Each structure stands twice: as structure tokens, then as C-alpha cells.
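All of these numbers come straight from a predicted model, not from anything done at the bench. What you see below is based on every heavy atom in this structure, not just the backbone, and it leaves out hydrogens, waters and symmetry mates.
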Amino acid sequence: MGAGLLLAIPACSDDEGSDPCANLGPHDVVPAECATGGPDFGSAEGGEVRFEYMEFPSTGCGNAGDAPCGPGGATTATRVIGYEMLSMTPDAMTFPNVGGCTSLVNLDTWPTGQGTARTYADMGDLTLTGGPEVLTVPSADAASPDPLGRSHDSYKFYLGPDDTDKYISDNTAYDVSWTGDADHPAQTAPMYMPGAYTLLEPAFENGVEVTNTGDFTLTWGDEGNAELPAGTGPGMLSLVAFAIPGVGVSHLCVGPDSGTIVVPSAIVEEAATLAGDAGAAILLRGKLTHQLAEVLDNDGPVDPVRRIDMLG
């Protein structure tokens, strides 16, 4: 499990002459003859539920450098962001490069980029069921951006220091439910929380040194790769990201969960330049799943079809 973002794996090509609908990657434009009527990764954006297990180094912070680095001195935290949208211009932001790295600095890429003229739906109470206890996500202060720096007229947010044992089970299927309101029906969608894993190189510690003289290779163990249930989107993914104070999440690298991600030297150099003389940035590493739900109103799916990104 890990705090993180993102995405989906392109499908492999098949023999010439086979069913073209079977060869579509999750971010491919879906031809009309292949459309299922439900949401896909080319659908308009309709919101997000991001459910994260976050782990922080146990030392290296505080005035004496001997305190844990999580919120309030925590070593772990549960974090949830949830919102639903009925419109946005453009309908969707471009996905980051899958199998490579993407700069998010210009805020024109999902998930940190946002369109204009956004209208939000209040889908009622948001709960996550499947862990030791049901987690009901409270409404957030709309005047405050979410942790990715995005503004929302209406959204749900939860941050619980050192309460992961209360709400999170690894390798676990969850139900994400909205109670609905006068305009939107009650709805439940699946989400899968990956398992715990070991960071190998660099190890899990505060003060990882990243030199800007070449590619930066990161490796981790193969734990947390239990067989996912059918329909769990594109399967397990892994990510590396840099978060820079005053900038936010600046660069993101996403790919299949192969145990290794290589950050090209050009990305490292750009991040180091943004970090400035202090060279300070937060290194994020995570495993995740990316499933889809659909925005509904009392007449059924909204038009156009709008996806809700479900990130465990």
C-alpha cells in the first residue's frame, strides 16, 4: 500500500486480423462499434475517490530530527479525497505518460490539472466498507484546496494520522458507497486496496539523496501482488513522484508493477532545478489500482458518460 496517484496499462498488440475491440488499451479512444455504454478511460471526467494508505519515515523530522515525518508526528495515515462532477471544460484532461514520466508543472495533465466551468454534484454521504471499520468521509471546506492543489465547490476529505489499523486492510476489496440525494440515486462501486510491500533501493528512510548526474533507478519487493479480483481495471500499477514545497507534485512516473521504475536524468534535473538551492523535495512511491465508476442521476447515466476514477 502506498500514498499515491494514478493510472492504467496499455494493452499489448495482438495478431493482425483479430478483434480490434479486444486490443484497446485503457486510455485509447474507443470506436463507436466497441463502445459498451459504460465509462472507460476516454470518458469525460466525473470525479474521483482516492483512498490512500500513507507511510512516513519514523525519524528525520521535528526540531531535533528525531520525530516521525507524518502529520502530527504520525508514522502512518489514512487519506481519502472524493468528489463528483457534472461538467467541465474541456471534458477531460490528458492522462500522463504510462510507462514513462510526465511533468505536471503546467497543470494541464490529469490528475493535478483542472478544466474550467466545473459543476459539482452532491451525491450524499460517502462511505468505504471492507476494512476493520466503515469509514464515513466528512465534507471538506470548499475554500481549501485538496492535497493535490485542486479546488472544488464541493468535496469530501478525510486525513487520519495513525489510524490505518482502524480503516485499512491490504489486498482487500472495498465497497465505495454514496447515499444519494434528491437528484442522484444511491450507488455502490468497487475499489481494491493493494498489499504492503518493501522498498529496496533506495530504502524507506528520510533524506534520500538523488543526484542529478544520471538516471535514477528505484526498486521494490513483489509483495502486495496478490491475484486481483476480476474487473479490477488494468491491474496493479506502480508510481514514483516528486512533490516540491511551493510547487506541488511536479513529476510523475507510472507503469506496470514490475518492481522497477527508472526516472530519466532529464526529469531528475528538472525537479532539482524546481527544488532550488535547498534541493528539498518529497519522494513518493506507491502501488495502486485504478477502477472506474459512473456518474448517475435519477434517469440513469448522465450524458455524456462521465467516469469517476477510483484509486486504491
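Donor-acceptor pairing under 3.5 Å is recorded for the side chains of Thr78 and Asp163. Looking only at atom types and distance, the side chain of Ser103 has a donor-acceptor partner in the side chain of Glu270 under 3.5 Å away. A donor-acceptor contact closer than 3.5 angstrom links the side chains of Thr119 and Ser87. Side chains of Glu84 and Trp178: a donor on one and an acceptor on the other come within 3.5 Å. Thr102 and Thr109 form no side-chain donor-acceptor contact under 3.5 Å, judged by distance and modelled atom types alone. Looking at Asn298 and His184, their side chains never bring a donor and an acceptor atom within 3.5 Å of each other.
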Verify ring-ring contact (aromatic ring centres under 6.0 Å, His included) between Tyr174 and Tyr192, making sure each step is shown before the conclusion. CA-CA 6 Å; Tyr174 280 76; Tyr192 195 82; 8.7 Å; no
Chi angles and distances behind the side chain to side chain contact (heavy atoms under 4.5 Å, CB included) call for Leu218, Arg285: CA-CA 9 Å; Leu218 304 97; Arg285 289 172 280 180; 3.6 Å; yes
Give the intermediate values and the outcome of side chain to side chain contact (heavy atoms under 4.5 Å, CB included) for residues Val249 and Leu148. CA-CA 7 Å; Val249 180; Leu148 294 186; 4.2 Å; yes
Report the C-alpha separation of Thr94 and Asp108 in whole Å, then their side-chain angles, then the decisive distance to 0.1 Å, and conclude whether the side chain to side chain contact (heavy atoms under 4.5 Å, CB included) test is met. CA-CA 7 Å; Thr94 303; Asp108 56 2; over 6 Å; no
Would Tyr167 and Leu128 count as a side chain to side chain contact (heavy atoms under 4.5 Å, CB included) here? Give the steps. CA-CA 9 Å; Tyr167 293 122; Leu128 292 91; over 6 Å; no
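A donor-acceptor contact shorter than 3.5 Å links the side chain of Arg306 to the backbone of Glu45. Counting only distance, with no hydrogens or angles, the side chain of Asp162 and the backbone of Thr75 share a donor-acceptor pair below 3.5 Å. Gln187 places a side-chain N or O within donor-acceptor distance of the main-chain N or O of Glu294, the cut-off being under 3.5 Å. In this structure, Asp170 contributes its side chain and Ala196 its backbone to a donor-acceptor pair below 3.5 Å. At distances below 3.5 Å, at least one donor-acceptor pair connects side-chain atoms of Asp181 with backbone N or O atoms of Asp183. One N or O on the side chain of Gln114 and one on the backbone of Ser151 form a donor-acceptor pair closer than 3.5 Å. Within the 3.5 Å criterion, the main-chain N or O of Pro68 finds no donor-acceptor partner in the side chain of Ser58. Arg307 places no side-chain N or O within donor-acceptor distance of the main-chain N or O of Glu48, the cut-off being under 3.5 Å. Checked by atom type and distance alone, the side chain of Ser258 pairs as donor or acceptor with a backbone atom of Thr260 at under 3.5 Å.
Stacking of Lys156 on the aromatic ring of Tyr83 is not recorded, the 6.0 Å distance cut-off and the 45° axial limit not both being met.
Remark: Arg118 CZ to Met85 CE distance equals 7.5 Å, nearest 0.5 Å. The OG1 atom of Thr179 sits 9.0 Å away from atom CG of Leu126, with the distance rounded to the nearest 0.5 Å. Atom CD1 in Ile81 sits 4.5 Å away from atom CG in Asp146 (nearest 0.5 Å). Between the OH atom in Tyr120 and the CE atom in Met88 there is a gap of 8.5 Å [rounded to 0.5 Å]. Note that CG of Leu159 is 7.0 Å distant from CZ of Arg79, once rounded to the nearest 0.5 Å. Interatomic distance, Ser250 OG to Leu104 CG, rounded to the nearest 0.5 Å: 7.5 Å.
Note on Met93: it clusters hydrophobically with Leu239, by side-chain heavy-atom contacts below 4.5 Å among ILVMFWY residues. Cluster membership for Leu283 and Val105, using ILVMFWY side-chain heavy atoms within less than 4.5 angstrom, is not shared. The cluster map of Ile, Leu, Val, Met, Phe, Trp and Tyr, joined by side-chain heavy atoms under 4.5 Å apart, puts Leu311 and Val254 in the same cluster. Under a hydrophobic-cluster definition in which Ile, Leu, Val, Met, Phe, Trp and Tyr are linked whenever side-chain heavy atoms come within less than 4.5 Å, directly or via other members, Ile244 and Phe56 are assigned to different clusters.
When every heavy atom of Pro161 is checked against every heavy atom of Pro71, the shortest pair comes out as CB-O, 3.7 Å. Heavy-atom minimum distance, Pro132 versus Asp165: CG-O, 3.3 Å. Contact between Pro57 and Phe204 at its shortest, heavy atoms only, is N-CZ, 3.6 Å. Taking each heavy atom of Ala241 and Leu252 in turn, the nearest pair found is CB-CD1, 3.9 Å. Across Asp309 and Trp110, no two heavy atoms sit closer than the pair OD2-NE1, 3.6 Å. When all heavy atoms are compared, the tightest approach of Gly131 to Ser169 is CA-OG, 3.8 Å.
Between Met236 and Pro194, some side-chain heavy-atom pair lies under the 4.5 Å cut-off. Using a 4.5 Å heavy-atom threshold, the side chains of Val263 and Phe242 count as touching. Side chains of Leu284 and Val240 form no contact here, defined as non-hydrogen atoms less than 4.5 Å apart. For the pair Val210 and Val268, the minimum side-chain heavy-atom distance is below 4.5 Å. Residues Pro256 and Ser238 form no side-chain contact, since every pair of their non-hydrogen atoms from C-beta on lies 4.5 Å or further apart. With a 4.5 Å cut-off on side-chain heavy atoms, Glu201 and Trp220 do not count as touching. When side chains are defined from C-beta on, Phe157 counts as touching Pro147, because their heavy atoms get closer than 4.5 Å. In this structure, the side chains of Thr89 and Asp91 stay at 4.5 Å or more apart for every pair of heavy atoms.
Heavy-atom neighbours of Asp175 CG from other residues, nucleotides or ligands within 6.0 Å: above the threshold of 12.
Using bins of under 30°, 30° to 60° and over 60° for the plane-to-plane angle, the ring pair Phe41/His290 lands in the perpendicular bin.
Each of Ile168, Asn171, Leu288 was scored for a side-chain contact (heavy atoms from CB on, under 4.5 Å) with Met193, with one residue passing: Ile168.
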